[in-house]
Number of protein chains: 2
Amino acid sequence: MGKRERLVASASELIHRNGVATTTLAAVAQAADVPPGNVYYYFKTKNELVSAVLASWAAQFEAMLDTLADADTPQARLKTLVRSWDEMRELVAQHGCPIGSLAAELDKADGDLDREAARVLEMVVGWAEGQFAQLGRSDARELAATLVAAVQGAALLSSAFRDAELMRSQVRRIERWIDSID
Amino acid sequence: MGKRERLVASASELIHRNGVATTTLAAVAQAADVPPGNVYYYFKTKNELVSAVLASWAAQFEAMLDTLADADTPQARLKTLVRSWDEMRELVAQHGCPIGSLAAELDKADGDLDREAARVLEMVVGWAEGQFAQLGRSDARELAATLVAAVQGAALLSSAFRDAELMRSQVRRIERWIDSID
DNA sequence: GTCTATAAGGCGATAGAC
DNA sequence: GTCTATCGCCTTATAGAC
């Protein structure tokens with residue numbers, strides 16, 4: 001793994017754990033085993049590094065879409081997506097949803113990183129909307145928002161209460177809700 | 001309004017808008033019209049100020065509970081609570097739910113402010129649980145988590161997409177869900 | 001092309017003046 | 001009891017050495 005790649009991976013993890021504001025470039029460099037201060041050779045500013053982290057989450061979501069293509073029905077695909085938050089529930093209970101908590105923090109920062117974070121969330125909502133549309137629902141957009149909001153809200157409560165089981169039970173509930181839709 | 005009170009009010013607003021990490025004590029002092037650096041006379045540390053902000057949110061929620069006592073049924077009380085996020089949807093679309101986004105940020109900070117934030121959220125979930133219990137539901141805790149998660153998730157998406165209507169339509173949806181419970 | 005030394009600025013916090 | 005001047009630290013970013 002190249003140095004630039006290692007920096008993005010380290011930044012992703014540290015930002016998920018500590019947030020953008022608290023994560024220093026020195027800490028990212030150390031975690032990535034790169035000389036401190038040298039980060040600027042790969043990224044002109046800290047924001048550019050955060051931008052690369054967001055792009056990495058977007059890529060990870062697109063990779064997941066390939067896995068999802070295996071499932072035959074929209075319902076099965078939606079449930080597989082939702083289950084991915086359950087699978088990482090211990091991590092979610094500790095630091096929240098990586099994308100959701102990052103989007104929430106960047107919303108309060110100035111600059112336009114918040115728009116990039118919104119675009120990643122839009123990928124998820126937009127894909128879910130497509131699945132509901134395949135089910136013939138004219139309110140597909142609202143259903144997609146409901147789905148993603150349920151996941152994000154559960155992740156927020158799960159991390160606030162440090163309760164991984166809350167994430168689990170809410171994901172199960174969302175799965176039943178998906179099954180109830182025709 | 002005394003200086004201490006003004007400081008807490010200014011801190012609440014600035015933290016909601018910019019987050020804890022980015023909000024400086026100098027900015028809080030200026031907004032509260034208090035000499036800069038003088039904040040330390042009223043609060044020994046920055047964390048103590050944030051703690052006072054959390055206590056102020058807790059007090060505001062308890063004040064709302066008095067209003068809620070007017071409603072006759074658990075359903076009516078729950079819907080009135082949920083509608084309060086709809087009423088401040090323009091603010092939510094800009095900076096998210098004040099309590100939810102604060103809890104999310106503090107979760108990533110060290111110290112035990114995150115536990116205080118969790119306690120405020122627990123007040124809300126615990127109260128909702130009581131309402132569902134009055135409806136005779138044995139799964140009252142899970143229903144309460146579902147309710148608060150739906151609100152918090154909607155607030156997160158609403159602010160990420162800067163879409164106040166998303167908050168509105170999701171609140172309406174939650175109201176219909178409350179009505180469907182017996 | 002890769003890395004290091006250092007600068008510039010801003011922050012929370014303190015000590016002590018009024 | 002109230003406020004001000006200032007310290008010391010940390011962080012991003014740059015200039016220039018290897």
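Everything numeric in this text was worked out from a predicted model, so none of it was measured. Below, read A as the first sequence line, B as the second, and so on, with proteins coming before strands; counting in each chain starts at 1.
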| request: Determine, step by step, whether B:Arg89 and B:Gln94 satisfy the side chain to side chain contact (heavy atoms under 4.5 Å, CB included) criterion, reporting the C-alpha distance in whole Å, the side-chain angles of both residues, the deciding distance to 0.1 Å, and the verdict. | output: CA-CA 8 Å; B:Arg89 64 184 177 280; B:Gln94 282 178 45; over 6 Å; no
| remark: Going 5' to 3' through nucleotides 3-18 of chain C and flagging B where a protein heavy-atom sits under 4.0 Å of the base, S where only the sugar-phosphate is that close, and - otherwise, we get BB------SSBB----
| said: Test your reading of the model: is there a side-chain donor-acceptor pair from A:His16 to the backbone of A:Gly96, 3.5 Å cut-off? | reply: yes
| request: Could you state whether A:Val171 and A:Leu157 fall into the same hydrophobic cluster, counting links through intermediate Ile, Leu, Val, Met, Phe, Trp or Tyr residues with side-chain heavy atoms under 4.5 angstrom apart? | output: no
For a quick test of your reading: what N or O donor-acceptor pairs under 3.5 Å do the side chains of residues 138-146 of chain A make, sequence neighbours left out?
residue, atom, partner, partner atom, Å
A:Asp139, OD1, A:Arg137, NE, 3.0
A:Asp139, OD1, A:Arg137, NH2, 3.4
A:Asp139, OD2, A:Arg137, NH2, 3.0
A:Arg141, NH1, A:Glu122, OE2, 3.2
A:Arg141, NH1, A:Glu129, OE1, 3.1
A:Arg141, NH2, A:Glu122, OE1, 2.9
A:Thr146, OG1, A:Glu142, O, 2.8
A:Thr146, OG1, B:Gln170, OE1, 3.3
A:Thr146, OG1, B:Gln170, NE2, 3.0
A:Thr146, OG1, B:Arg173, NE, 3.4

| task | Report yes or no: does B:Ser51 contribute a side-chain atom to a donor-acceptor pair with the main-chain N or O of B:Asn47 at less than 3.5 Å? | result | no
| field | A:Asp33 CG to C:dT2 P, straight-line distance once rounded to whole Å | value | 16 Å
| said: Using only atom types and a distance under 3.5 Å, with no angle test, would you say the side chain of B:Arg6 pairs donor to acceptor with the backbone of B:Ala32? | reply: yes
| Which value, rounded to the nearest 0.5 Å, describes the distance between B:Leu68 atom CG and B:Leu78 atom CG? | 8.0 Å
| Considering only heavy atoms, which members of residues 4-11 of chain B lie under 4.0 Å from some atom of DNA chain D? | none
| field | Check against side chain to side chain contact (heavy atoms under 4.5 Å, CB included), A:Leu147 and A:Ile178 | value | CA-CA 9 Å; A:Leu147 180 88; A:Ile178 293 170; 3.8 Å; yes
